[in-house]
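In each ligand, atom 1 is the first atom listed, and ligand 1 is the first ligand listed. Values in this document were obtained by computation on a predicted structure and should not be read as measured data.
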Amino acid sequence: MLLYTHPACLAHDAGAGHPECPARLEAVLHAVRAAFPLLPWREAPRASRDALLRVHTRDLVERLLDTPIDGRLRLDEDTAMSLDSPEAALRAAGAGIAAVDAVMASEHTQAFCAVRPPGHHSTGAVAMGFCLFNSVAVAAAHAVYQHGLQRVVIVDFDVHHGNGSQDIFARDERVMYASSHQSPLYPNSGQPDEVGVGNLANAPLAPGAGSEAFRHAWREILLPRIEAFRPQLVLVSAGFDGHRLDPLADLVLEAGDYRWLSAELAALARRHADGRLVSLLEGGYSLTALRACSVAHLEGLVG
Ligand SMILES: [Zn+2]
């Protein structure tokens, strides 16, 4: 296991009082360092524009990287950029690319990208929902185009549906997108009848669903679909906002649920992908939950 991060990811500032705050990543990094003192840390490189352009429009890439930012640039009601945000977004996407390269080179079988801003809501053309570049999508496209993989799965257990990741790959059978998420909840996509070209698997969960419903959805619906897909690489959108302490959602999960699912995903990766698994931090807005869940996630992955 490797950890990728970058100080720029701590500098991105979406505004005073915004739930997607630098303290989130500090909490994750401190907790992971304390629990895994021997885990090697690597500085995330910048994603290249070409890597971003595999999934994003030139308009969006230029808007996020080239707009002069005087104070704050507001992209939508929830999403804003500070002077440091372009660098943070480049490092977040670059972390996923470097992590894919590392696991494809068999340097390590697993990597965790402790980065922000999150990415899974951003579509090809629109940055939204606290997200700038869709880092996990950039990583998936890199695996397909740079490494020639034919079957890559994005597993998304963030409490919100990753509408952007789904939208980017809905017509690309080389990338499967599998998600559990609270419904109704922002962004209100991710119903079971959203199937793409047979490469989407969505399991919406009712508010208050809890551990049993969450595990049932993965055990009975999502994991069997991923198993049948036989992914050559497992990518994870690791959001911890389903935890019962999270202020933005109401799925009532425990850290142990993330440990359980992470162990299942690691086992699945060993069966089909020589163990190759790259996880990227997405949401999670309780600092207490982020500490417990990020450690539980890595415990589940390393076994
Ligand atoms: Zn979320």
Non-hydrogen side-chain atoms of Tyr4 and Ile97 separated by less than 4.5 Å =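 Of all side-chain heavy-atom pairs linking Ile97 with Tyr4, none is under 4.5 Å.
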Of all N/O/S atoms in [X], the name of the one nearest the Zn ion (ligand 1):
| X | result |
| --- | --- |
| Asp158 | OD1 |
| Asp241 | OD2 |
| His160 | ND1 |

Are [X] and [Y] linked by a side-chain donor-acceptor pair shorter than 3.5 Å?
| X | Y | result |
| --- | --- | --- |
| His160 | Asp241 | yes |
| Ser211 | Asp257 | yes |
| His297 | Ser279 | yes |

Would you say His120 reaches the Zn ion (ligand 1) with an N/O/S atom under 2.8 Å?
->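 Of the N, O and S atoms in His120, none lies under 2.8 Å from the Zn ion (ligand 1), which means no.
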Is Glu282 close enough that one of its N/O/S atoms sits under 2.8 Å from the Zn ion (ligand 1)?
->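 Within the cut-off used here (under 2.8 Å), Glu282 places no N, O or S atom near the Zn ion (ligand 1).
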Determine, for Tyr145 and Arg174, whether the Lys NZ or Arg CZ falls below 6.0 Å from the six-membered ring centre while staying within 45 degrees of the axis.
->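 Here Arg174 passes the 6.0 Å and 45° test against Tyr145.
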